[in-house]
Structure formats: structure tokens, C-alpha cells
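On a predicted model such as this, the values are computed, not experimentally measured, just so you know. Start at 1 and go down the list; that is how both ligands and their atoms are numbered.
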Amino acid sequence: QSGVITIDPGFKNTGSTTSAITFLDGEKGILRYRGYSIEDLAEKSNFLEVSFLLIYGHLPSKEEYTRFVESITKHTLVHEDVKKILEGFPSTAHPMGVLSSLVCAQTAFYPESLDPNRSSDEVDMSIIRLIAKMPTFAAWSYKNQIGQPVNYPDNKQNYASNFLKMMFANPAEQYEVDPVVANALDKLLILHADHEQNCSTATVRVVGSSHASMYASISAGINALWGPLHGGANQAVIEMLENIKQDGGDTKKWMAKAKDKNDPFRLMGFGHRVYKNFDPRAKIIKKAADDVLEKLGVKDPVLDIAKGLEEEALRDPYFVERKLYPNVDFYSGIIYRALGIPTDMFTVMFAMGRLPGWIAQWKEMRENKEPIGRPRQVYTGANERPYVGMSDR
Ligand code: SDX
């Protein structure tokens, strides 16, 4: 094997690419999309504008923004055959599995997306279609789980409201979208929109580097995000907080479990590969949680348990030494719950938010003509040995 191979499990010290999309500073807790701070964008922008910024590299002019939003609105409807795919899933199918399948199935409706040498206009069309249809796929994956008829998109609604209406409207009763809920959801989508080379984005880049279609690459990213150590953590946080609540709110006992090396339990929503002081998104989401719950008049006992855990962890040497602080997933589930989003859909919300980031990173990788991702290894298996027939084994 030519040259020295250095093994770097989890790529903790490996840079896989150069990128102009997102900047993180783990020590200072800085997150910027194309140079704009997450604090500024969360407060002043909206999710579709942030999507345009991530994908095309600049804040859209009024004309660009209007055209982008109109194109997305025009493409929210999905092919009726998507319902046939949906009918193939049992109601026990987790919405993330349904979502990744529906996204990948788009290659069947748009076979031109399989051509790696498509024009940039055709790539832009794939991007518009996927951003437009993601809320429809997400809401339909939920309706499949609860055995209710799907709702068609309502193009009079804005992006977040359209999703909420498809999620919660049903033929038996009137449903009006609460603008407080829609605005909170739009802000959460912004906060999840990109995060440089995290596990699912690195997956999108590696799969896309084989010149697989954008739909197949993003479907792979959805599956990587599903894991409880990554995007699945928001669902795991709520399940953990519920367990602590059932257990009488004994946070000290659960902190001890998280520190016990013989116990696989980890404090979900704590720790981060890059942020070693605080996750700036967690700070914004924690404040939003207080605001949204107050506006909606929701009292959620697990929010108090979450705050108690955070206070204890900030004082606990084990957590302080390892620089373990709340991450983006620690408080997001509490807001989703207050918005009426079911736990099984929390990671789907993360995928909806991360979509423009995955698209931007896939596009940058392809435009930079990056080589196929193919790492090496250090072999530790058996030396050469002769075949042994069955009768001699
Ligand atoms: C996301 O990468 C991204 O940017 C991801 C993300 C994004 O936007 O894409 O930010 C979204 O995935 C946030 C993370 C969500 N995951 C969780 O909340 C799950 C719980 N946290 C972890 O399992 C862990 O902290 C990771 C996966 C987030 C990071 O793991 P690392 O960087 O590989 O760190 P590690 O596992 O090597 O841990 C270092 C030490 C170990 O102890 P020692 O061996 O040094 O004694 O810290 C301990 C770990 O045991 N540790 C924890 C812990 N996280 C790390 N101990 C208890 N509870 C935890 N949560």
C-alpha cells in the first residue's frame, strides 16, 4: 500500500472538503450561513429566503425571491402515483423511512434527474420540485402512520402553514393554522438548515460523489439523519425527559447513569463534535421555547426537567471536563411538542429544515467536480490461507 494511511475514526480530525456555505466556530459558538449569523437570520429572515441563500450563495433580490417562492408554490402537488407508493407502507412504518423512500422515488417521476450531465436549469428544476414537495411527503408520511386520508397542499398558505394544514387537517373538522405555530416552525426550519460536514451532509456528499441523482443522495442523507446520535436525538431527548418525569423527576439519578461507563445511556441532546462551549442554536431555541409555550399557554413539565438537567450538567465536572452542553436537539423537541407535532415526526422536521443545506452541499460538491469518495483502511484480518473443503472442516 503506497504512502502512510492514518486512521481517524469518525473523521474527528479529517477535513473532507472545502466549502463556502456554512462557517462554524466550535470554541466561540459561531454559526453563519454564507457569512450571515444564525442569530440575524433566525430573527429577520424566513426559511425559503434562507434556502435560496444557502443554495445560490446570496440573499435574493425581490424579483429572485418572488420567482423562487412562486416556483416552489407551483410544484407542491405530487404525482398521484405517490399515493400508490404510500399505500405500500404499513402504518407501523416510521415516517423517516417513508420520507426517504418517497424522496428517492422521485427519480421514477423525473428520470432526467438520473443524468449527471443535466443542464443547470434542469438541476434548478429538481431543486424547486424537492423543496416544494418535501412538506407534502412529510405530512403524508404522518397521515399514513395514523390511518387518515392525505391532504393536498393549499397554495394560498405559506410554506410552514401549508405543511401544518396537510399534517393536521382532516375531513371531519375545520382546521385553521395558528400563525404563532407557523412562525415558530419557520424559525426552527431556519435553525436546522445547514451545519457544514455533519454526518448526514457528509453522507449526501459521498453518495452524490458517485454521480447518483440528487434525490438518491438526499434520500441517503435522510437515513443518516435518522440515527439517535444525530437527527434522531430530538425524539430521543423527549423520550428521555418523559422517562425522567415517570421516574419522579430524579435528574441526579439519570445524570449518574449518563456518567456510568458501564451504562450505554447518554444524556440525549448533550454534547457535540464541534461545539465545545455552547451550540448557538440551542440558545435561540431555548428562548423560543419559553416564548412559544407562553404564547400558546402551554405548561410542559418536561421543560422544567430539561432546564434542571442543563443547570446540573453545567455544574458537573464530568460534563464540564468533556465540554458537554445542550445541542440543537435538546430544546427543539419541547417546541415541536407544544406545536402539536407528534414525537415520531420530530426527526422529519429536522430533515425538512436540513433539506436546503443538503441540496447546497450536493450542488457545491458537483460544481467543484469533487472525486468519488473512497477512503482507504488498515487491514487487520487473516493472512493468506488455502481453501479447506467441507469434509475437512
Ligand atoms: C446533531 O455534527 C453536527 O453538526 C450534528 C448536528 C447538525 O446540526 O447536523 O449538530 C445535529 O446531531 C447534534 C447531536 C445530537 N446527538 C445527541 O444529542 C446524542 C448525545 N450526544 C452524543 O452521543 C455525542 O455527544 C455526539 C454524538 C453528539 C458527539 O460525539 P463525539 O464527538 O464522537 O464525542 P464522543 O462520543 O467521543 O464523547 C466524548 C466523551 C466520551 O467520554 P470519554 O470516553 O471521553 O470518557 O464525552 C462523553 C463520551 O462518553 N459523552 C457523553 C455524551 N456525549 C459525549 N456522555 C454522556 N452523555 C452524552 N450526551
Report the nearest protein non-hydrogen atom to atom 14 (C) of ligand 1: residue, atom name, distance rounded to 0.1 Å.
N327 ND2, 3.5 Å
Could any protein non-hydrogen atom be found less than 4.0 Å from atom 49 (C) of ligand 1?
yes
Establish, for the pair R322 and Y318, whether the NZ or CZ atom is under 6.0 angstrom from the six-membered ring centre and no further than 45 degrees off its axis.
yes
Check for me whether L229 has a heavy atom closer than 4.0 Å to any atom of ligand 1.
yes
Return a yes/no value for F270: is any of its N or O atoms, backbone included, closer than 3.5 angstrom to an N or O of ligand 1?
yes
Considering only the protein, which heavy-atom contact is closest to atom 13 (C) of ligand 1, and what is its distance?
D329 OD2, 3.3 Å
Do E43 and K187 meet the salt-bridge criterion of a basic N to acidic O distance under 4.0 Å?
no
Which residue pairs satisfy the side-chain hydrogen bond (donor to acceptor under 3.5 Å, both in side chains) criterion with at least one member in residues 262-278, sequence neighbours excluded?
H195-Y275, K257-D263
Measure the shortest side-chain to side-chain distance between H211 and R366 over non-hydrogen atoms and say whether it is less than 4.5 angstrom.
yes
List every atom of ligand 1 that sits less than 4.0 Å from any heavy atom of N198, numbering the atoms from 1 in the order shown and giving each element.
2 (O), 3 (C), 4 (O), 5 (C), 9 (O)
Please check if atom CZ in R385 has more than 12 non-hydrogen atoms from other residues, nucleotides or ligands closer than 6.0 Å.
no
S113-R118 side chain donor-acceptor pair, cut-off 3.5 Å
no
heavy-atom search around atom 51 (N) of ligand 1 in the protein gives L324 CD1, 3.8 Å
Which residue from R281, K276, H192, H230 reaches closest to atom 12 (O) of ligand 1 through any of its heavy atoms?
H230
Linking directly or through intermediates, with side-chain heavy atoms under 4.5 Å: list the remaining ILVMFWY members grouped with I30, chain and number order.
F23
Any Lys/Arg nitrogen of R315 or E311 sitting under 4.0 Å from an Asp/Glu carboxylate oxygen of the other?
no
Distance-only side-chain donor-acceptor flag, S119 / D121, under 3.5 Å
no
Below 4.0 Å, non-hydrogen atoms only: which portion of V237 touches ligand 1? Side chain, backbone, both or neither.
neither
Out of H272, R322, R266, who is nearest to atom 38 (O) of ligand 1 when you count heavy atoms only?
R266
R32/D40 salt bridge by N-O under 4.0 Å criterion
no
Distance from atom 17 (C) of ligand 1 to nearest protein heavy atom, with residue and atom:
A233 CB, 3.6 Å
For the 3.5 Å polar cut-off, considering only N or O atoms, please tell me whether C199 and ligand 1 meet it.
no
Begin with the C-alpha distance, continue with both residues' side-chain angles, and end with the deciding distance and a verdict on side chain to side chain contact (heavy atoms under 4.5 Å, CB included) for V204 and M214.
CA-CA 8 Å; V204 168; M214 181 188 74; over 6 Å; no
Looking at ligand 1, would G269 count as a contact under a 4.0 Å heavy-atom criterion?
yes
Given A258, S332, P264, identify the one with the heavy atom nearest to atom 57 (C) of ligand 1.
A258
Answer with yes or no whether F265 contacts ligand 1, where contact means a heavy atom under 4.0 Å from a ligand atom.
no
May I have the step-by-step check of side chain to side chain contact (heavy atoms under 4.5 Å, CB included) for W358 and Q361, ending in yes or no?
CA-CA 5 Å; W358 286 330; Q361 301 263 356; 6.0 Å; no
Protein contact of atom 19 (C) of ligand 1 - nearest heavy atom, named by residue and atom, plus distance
M268 CE, 3.7 Å
Between ligand 1 and R354, can you find any atom pair, the residue atom being a heavy atom, that is separated by under 4.0 Å?
yes
Of all the non-hydrogen atoms in the protein, which one sits nearest to atom 28 (C) of ligand 1, and at what distance?
G271 O, 3.7 Å
Counting heavy atoms under 4.0 Å, the part of F330 that contacts ligand 1 is neither
Please confirm whether K12 comes under 4.0 Å of ligand 1, counting heavy atoms of the residue only.
yes
Going by heavy-atom distance to atom 32 (O) of ligand 1, choose the closest among M255, K257, R273, K323.
R273
Nearest non-hydrogen protein atom, atom 58 (N) of ligand 1:
L267 N, 3.1 Å
Checking a contact table here: which protein heavy atom is nearest atom 44 (O) of ligand 1, and how many Å away?
K261 NZ, 3.9 Å
For this output row, return yes or no: ring centroids of F330 and F270 closer than 6.0 angstrom.
yes
K283 to F278 six-membered ring, cation-pi geometry met (6.0 Å, 45°):
yes
